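Heads up: the structure comes next, in structure tokens.
Letters A, B, ... are given to chains in the order of the sequence lines, protein chains preceding strands, and every chain is numbered from 1. Reckoned from all heavy atoms, side chains included, excluding hydrogens, waters and symmetry mates. Small disclaimer: the values here were computed from a predicted structure and weren't measured.
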Number of protein chains: 2
Amino acid sequence: MAEDRRTRRTRRALADALVELVLERGFSALSVEDITERADVARATFYSHFKDKDALFARVTADLLDGLGRRLAPSVAGSAVGFTGKPLLEMLRHARDERDLYRIVLRGEGDGKPLQMFTDVCAANTAQEFRARAERNDVKPRIDAELLARVWVGEQVAVLRWWAESETPPAPAEEVVRMLLDLALRGRYWASGFDAPE
Amino acid sequence: MAEDRRTRRTRRALADALVELVLERGFSALSVEDITERADVARATFYSHFKDKDALFARVTADLLDGLGRRLAPSVAGSAVGFTGKPLLEMLRHARDERDLYRIVLRGEGDGKPLQMFTDVCAANTAQEFRARAERNDVKPRIDAELLARVWVGEQVAVLRWWAESETPPAPAEEVVRMLLDLALRGRYWASGFDAPE
DNA sequence: TCAATAACAGACAGCTTGTTCATTAACGCA
DNA sequence: TGCGTTAATGAACAAGCTGTCTGTTATTGA
């Protein structure tokens with residue numbers, strides 16, 4: 001009952017073609033024919049798999065999120081301690097492996113809808129994690145968990161983007177994590193080089 | 001030598017129609033005719049002003065940035081002190097006044113290009129501000145100014161979006177500024193409700 | 001008032017979309 | 001290996017959108 005090899009091959013070809021072409025010309029500049037041509041697939045075949053360009057992109061993004069989730073699962077499970085930065089590190093590695101796809105998603109290609117999928121999922125998980133942590137340690141957050149999660153994800157997205165768009169890696173993943181963690185935990189004054197945090 | 005009243009009227013009508021329609025249906029779903037119809041302008045006239053949809057959107061975004069710059073000028077000039085949050089407050093107010101436009105830009109409509117314009121300008125200014133401040137106070141930043149700026153702008157964009165998308169204002173601008181400033185300066189541990197920042 | 005010019009409606013070829021159909025080829029399974 | 005099932009193909013279609021050009025009309029600023 002495993003998926004037919006032909007469908008797997010075409011879907012994979014279409015997905016790869018999409019990523020390549022979006023990177024080259026931008027999502028809105030592409031026609032379905034551009035994609036099928038690059039993928040070496042008949043145009044009619046495209047429509048037997050996806051409603052339109054956006055559906056293909058949405059599917060590709062959803063798969064990316066699945067992959068990320070699977071990679072993150074172990075490091076999230078063992079994070080009862082505090083802000084270790086392990087999930088962030090895993091995310092950076094994922095972005096290294098799927099660099100092109102990360103680039104087009106983070107750029108907001110597709111009217112920002114894939115990016116929204118991405119941030120919404122991350123923010124929801126993060127917020128839940130925050131709430132769970134607060135509960136476990138019996139502390140009351142001084143800032144709404146939802147807002148806190150949005151801000152944290154906003155930071156991460158900014159860093160991911162900077163990281164994925166740089167031609168030569170500006171810093172090893174471990175160092176980026178350290179910097180961001182220092183910044184997040186110790187505050188901006190510290191990061192700017194000042195000593196007194198008030 | 002002032003601009004012809006007709007062109008002013010037409011451009012304004014097109015800009016307003018664009019914002020309305022993007023909010024309703026999304027940028028990629030719009031045809032030029034949709035826009036001209038809503039603006040009550042002949043289709044041919046559109047092309048005598050703009051090359052295409054994207055050019056119109058780019059123009060609207062550039063104007064928004066102009067307006068923001070003009071509003072920010074006074075508070076940036078007087079910020080020799082430190083992180084006062086005055087620019088952020090002014091930005092939130094600007095977002096309140098131009099809510100619809102902010103929403104579509106921050107969503108990443110137009111394949112994220114307007115949003116990129118927005119973040120690039122903000123990040124460039126912020127980075128320069130960071131560098132100037134470090135120079136004035138003769139301190140050495142512990143984190144690269146460029147990265148620091150990207151992270152800070154990433155936060156701001158996340159908050160702006162949350163703020164602009166909420167149906168009923170979730171909090172007054174002043175309070176949002178206070179929260180974000182506390183978070184930025186005192187760090188995540190503090191925000192989460194913990195006492196010891198290490 | 002008048003010259004300049006913006007706005008207009010209409011028409012144009014060329015391209016993209018999404019669908020349908022009959023035909024061919026690849027697949028999984030027994 | 002052979003067989004029934006199903007995916008892929010290429011061609012054709014109407015409908016819609018794009019970008020450009022036309023001659024004409026209406027508004028504008030001086």
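One interatomic measurement links the two molecules: CG of B:Asp54 to P of D:dC17, which rounds to 17 Å at whole-angstrom precision. The separation between A:Lys51 atom NZ and C:dG18 atom C1' is 10 Å, rounded to whole Å. In this entry the distance linking CZ of B:Arg8 with C1' of C:dA7 reads 16 Å, nearest Å. Taking atom CG of A:Leu30 as the reference point, atom P of D:dT18 lies 16 Å away to the nearest angstrom.
The salt bridge (Lys or Arg N to Asp or Glu O under 4.0 Å) contacts involving residues 147-158 of chain A comprise A:Asp120-A:Arg150, A:Glu146-A:Arg150, A:Glu155-B:Arg188, where partners must be two or more places apart or lie in separate chains. Residue pairs meeting the ring pair (Phe, Tyr, Trp, His ring centres under 6.0 Å) criterion with at least one partner in residues 161-180 of chain A, sequence neighbours excluded, are absent. Listed by first then second residue, pairs satisfying side-chain hydrogen bond (donor to acceptor under 3.5 Å, both in side chains) with a partner in residues 47-56 of chain A read A:Arg11-A:His49, not counting sequence neighbours.
Phosphate contact (OP1/OP2 of C:dA6, side-chain N/O of B:His49, threshold under 4.0 Å): absent. Applying the 4.0 Å criterion to OP1 and OP2 of D:dG16, one finds that B:Ser31 has every side-chain N and O outside that range. The phosphate of D:dA7 (OP1 or OP2) has no side-chain N or O of A:Thr10 nearer than 4.0 angstrom.
Residues that satisfy the ring pair (Phe, Tyr, Trp, His ring centres under 6.0 Å) test with A:Tyr102, not counting sequence neighbours, are A:His94, A:Phe118. Applying the side-chain contact (heavy atoms from CB on, under 4.5 Å) test to A:Ala124 and every residue at least two apart in sequence or in another chain returns nothing. Residues forming a salt bridge (Lys or Arg N to Asp or Glu O under 4.0 Å) with A:Arg131 (at least two apart in sequence, or on another chain): none. For the side-chain contact (heavy atoms from CB on, under 4.5 Å) test, residues two or more places apart in sequence or in another chain that qualify with B:Glu167 are B:Arg99, B:Arg103. A search for side-chain contact (heavy atoms from CB on, under 4.5 Å) contacts involving A:Ala17 returns A:Ile35, A:Arg38, A:Ala39, not counting sequence neighbours.
Ion pairing of A:Glu174 with A:Arg93 is present here, as a side-chain N (NZ or NE/NH1/NH2) and a carboxylate O approach within less than 4.0 Å. Between A:Asp16 and A:Arg12 a salt bridge is recorded (basic side-chain N to carboxylate O distance below 4.0 Å).
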Measure all distances between protein nitrogen or oxygen atoms and nitrogen or oxygen atoms of nucleotides 25-27 of chain C, and list the pairs falling under 3.5 Å.
residue	atom	partner	partner atom	Å
C:dA26	N3	A:Arg6	NH1	3.0

Considering only distance and modelled atom types, tabulate donor-acceptor pairs under 3.5 Å from the side chains of residues 56-72 of chain B, sequence neighbours left out.
residue	atom	partner	partner atom	Å
B:Thr61	OG1	B:Phe57	O	2.8
B:Arg71	NH1	B:Asp97	OD2	2.8
B:Arg71	NH2	B:Asp97	OD2	3.4

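Each end of the helix from C:dT1-D:dA30 to C:dA30-D:dT1 gets its own rotation axis from five pairs of C1' atoms, and the angle between them is 50° to the nearest 10 degrees.
Looking at residues 32-48 of chain B, you'll see B:Val32, B:Arg43, B:Ala44, B:Tyr47 sit with a heavy atom under 4.0 Å from some atom of DNA chain D.
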